[in-house]
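One structure below.
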Amino acid sequence: MDFDPSWLLISLPVAFVLGWLASRFDIRQLRLENRQAPKAYFRGLNFLLNEQQDQAIDAFIEAVQNDPDTQELHFALGNLFRRRGEYQRAVRVHEHLLGRGDLSRSDRERAQHALAQDFLRAGLLDRAEAALQKLEGTRYENEARLSLLAIYERSREWAQAADVAQKLDESDQASYSTRRAHHLCEQATERVAAGDLPGAAKLLVAAVDLAPQAPRPAIDTANLQLRNGDANAAFDTLVALSDTAPLALPLYAATLQQAAVAAHREADALALLQRRYVESPSIDVLEAMIALGGTPSATAEAPDPAPRDGYIAHLAQQPSLVAASRWLAGERFEHEQFHPQVQRALDQATRPLMRYRCAACGFEAHQYFWHCPGCQAWDSYPPRRVEEL
Ligand SMILES: [Zn+2]
């Protein structure tokens, strides 16, 4: 077939017109998309303000698809996923951001911080720890150290907690010395459990140095001294503590009594306990006094009081069910054969009253905690039983 040049004359302008149309279409499409990106973004924002997070996420995903270079949208989307508890998606968004080569240093730190928050909220503490450690030297350093400290304390990794608290103590405005003393005491407790008493003693000396006013290092020191057979030293430690921390006496009254018996210094201990009891009556101090054979002051009605009369004197001051129960335990009833049953019921009723209660979260326990297992707060338990609060 012969080539007809007239076709060329017709097809060239047609191709030109088609090309022009195609380019117009592309430009219109681009303009449309550019207009759509902010529109979707604002729609997302609107949903967010109306607390419609599902719709906000859809709008932001659309906006991100239209404009994949926008970091702010990624941050907004990542934070939204985290707030909704969709941690895997939040992690994906923030890891995607971190994987980008064009991210500024500031945005990279921000993404790293956001990723650490994702892991923290998801409870993935190992991964959170690694992400937080990467924030050292950034503007999130202090916040990251606080989070790391919380992780180490929660998982009872006391050496690491001590390191982070020391860094915070050196850099932050707040003092962490009491908390650091607690970390040392926790490590000392572990040393005692492992049989390394000299190692524990060394840690406790450091704890006392860090927080000389705090009751715990002295109480733990006295317990260790008692365990080492040095009752005199234990007694002296607690006598000194009764001047710096008299309100905590109910916590160490029993140890003081044991040390006094072992060191044959009962009279000194009794005088001290009686003096402090007058200032601030407490069932623990009373029991220590009674254990030492201490008696309340003689009165006209009771010229020769027995130690157990201390409970009656206590009841005259406060209507304590615990004191009443303890007194009744030593009495003889008219129907003595029923006494054990009655006493058992009373003991059961008084058990919850002998608990300690966290002032921060209300968690109650028979054991006294320096670090609340409920809310992780330090020194949040008043040193008195529930009945005396
Ligand atoms: Zn608590």
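Hydrogens, waters and symmetry mates are skipped; everything else that's a heavy atom, side chains included, is used. Indexing begins at 1, ligand by ligand and atom by atom, following the structure's order.
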Side chain of His183, backbone of Trp158: donor and acceptor closer than 3.5 Å?
-> no

Is a donor on one side and an acceptor on the other found under 3.5 Å between the side chain of Arg191 and the backbone of Ala200?
-> no

Sum of protein N, O or S atoms, each under 2.8 Å from the Zn ion (ligand 1) | 4

Aromatic ring proximity His74/His96, centre distance under 6.0 Å | yes

Are Arg357 and Glu387 close enough for a salt bridge, meaning some N to O gap below 4.0 Å?
-> no

Hey, are Arg179 and Glu153 close enough for a salt bridge, meaning a charged N less than 4.0 Å from a carboxylate O?
-> yes

Does NZ or CZ of Arg110 fall inside the cone over Phe75's six-membered ring, less than 6.0 Å from its centre and within 45° of the axis?
-> yes

